[in-house]
2 protein chains.
Amino acid sequence: MIRKEIKKDFDMAECSVRNILDRFGDKWSLMVIDLLREGKLRYSELDNKIESISQKMLTVTLKSLETDGLISRKVYPQIPPRVEYTLTELGQTLLPAIDMLKKWAADSMPAILAARSKMATPSAP
Amino acid sequence: MIRKEIKKDFDMAECSVRNILDRFGDKWSLMVIDLLREGKLRYSELDNKIESISQKMLTVTLKSLETDGLISRKVYPQIPPRVEYTLTELGQTLLPAIDMLKKWAADSMPAILAARSKMATPSAP
DNA sequence: TTGAATGGTCAAATGTATCTGACTTAAAAG
DNA sequence: CTTTTAAGTCAGATACATTTGACCATTCAA
């Protein structure tokens, strides 16, 4: 997402790993979706929970997720403004896949760390 | 992956979406794994199948996947050289998650495209 | 003796995702 | 009259992923 390639909108025929990464391979999109799984969150709440994100990227990420119909944005015409974000039904359908990835990461971490330290000492004396 | 953050090796406790993206959020890693699902492939075969990848990025991607124990690299001491890459068992465990993502993308594409065109014409005239 | 093929490496240039910091709007509180 | 708040916007700088193009070693075939 965010990239130009998206506009080249995705090739129904190919539907490869590339399309997924074009959408979610950025730094924040999946994280925002994951945070919204429990319900509504305001802009500032997301900002606090993620901490390291810049305002600009939070705005950009939320906008692109909204454009794709994965989250919805509700504005309350108050002062100061109040904006709440929730997952749409479409957005919710992504959660099982995210969970699977998270589970894979949790299960595989020991093996990955082991492989990595093996590379550090390639059967050295 | 490839980024520095990886070295900061990943926080067993957090195990969030971030760790996954730090590993696979790049442009090529998941694609390589997906291509290797059917069996061995030589360097040049991967190069041909992906087309748009540069030699350098193919090398870098393969090396980092090997370091993480997801693929294995077998060199045949011939001239000209022959190098074959295969998924390790660990690498294979990632396939179901990839499949789930691909299925999600295929299923959700119509809805995403619809949402996107709705944003293009926000109930205008 | 030149060229092709394989699996690379390296330096430098490019592209683009992301960050920083300043600014905005409107009302309400001090 | 100044500050605070929420949810942004904008310009400019930075970081880093990726590409381009040159190069290497070795052997066989022309």
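Order of the sequence lines sets the chain letters (A, B, ...), proteins ahead of strands, with each chain counted from 1. Since the structure is predicted, the reported quantities are computational estimates derived from the model, not experimental observations.
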Report yes if at least one side-chain N or O of Y85(A) is closer than 4.0 Å to OP1 or OP2 of dA7(D); otherwise report no. no

Between T93(B) (side chain only) and L90(B) (backbone N and O only), is there a donor and an acceptor less than 3.5 Å apart? yes

If you compare every side-chain N and O of Y43(B) against the phosphate oxygens of dA5(C) (OP1, OP2), does one of them come in below 4.0 Å? no

It should be established whether R42(B) places a side-chain nitrogen or oxygen under 4.0 Å from OP1 or OP2 of nucleotide dT6(C). no

Nearest-nucleotide check on DNA chain C, W28(A) vs Q55(A); residue mapping nearer the 5' end is W28(A)

Taking the nucleotide of DNA chain C with the nearest heavy atom to each, does P81(B) or P81(A) sit closer to the 5' end? P81(B)

In whole Å, I'd like the distance from the NZ atom of K56(A) to the C1' atom of dC10(D). 8 Å

Would you please confirm or rule out a distance under 4.0 Å between OP1 or OP2 of dT9(D) and any side-chain N or O of K63(A)? yes

From CG of D47(B) over to P of dA5(C), roughly how many Å is that when rounded to an integer? 14 Å

Between dA7(D) and S44(A), is there an OP1 or OP2 to side-chain N/O distance shorter than 4.0 Å? yes

Distance-only polar pair, side chains of S44(B) and D47(B), donor-acceptor under 3.5 Å: no

Distance, rounded to the nearest Å, where K40(A) contributes NZ and dA6(D) contributes C1': 18 Å

Whole-Å distance separating the CG atom of N48(A) from the C1' atom of dA6(D): 11 Å

Within this structure, what is the CD1-to-P distance between I79(A) and dA27(C), rounded to whole angstrom? 6 Å

Within less than 4.0 Å of OP1 or OP2 of dG8(D), is there a side-chain N or O belonging to R73(A)? yes

Of the listed nucleotides dG8(C), dC10(D), dT19(D), the one nearest the side chain of M57(B): dT19(D)

Give the rounded distance in Å between these two atoms: CZ of R82(B) and C1' of dA25(D). 19 Å

Does a side chain donor of either S72(A) or T86(A) reach within less than 3.5 Å of an acceptor in the other side chain? yes

Considering only heavy side-chain atoms of V83(A), the closest of dG7(C), dA7(D), dC19(C) is dA7(D)

Keeping the roles fixed (side chain from E45(A), backbone from R42(A)), state whether a donor-acceptor pair exists under 3.5 Å. yes

When the distance from NZ of K74(A) to C1' of dA6(D) is rounded to whole Å, what number comes out? 18 Å

For atom CD of E89(A), decide whether the heavy atoms of other residues, nucleotides or ligands shown that lie under 6.0 angstrom number more than 12. no

Could you state the atom-to-atom distance from CD1 of I53(B) to P of dG8(C) in whole Å? 13 Å

Per S54(B) side chain, nearest of listed nucleotides dT9(C), dT19(D), dT18(C): dT19(D)

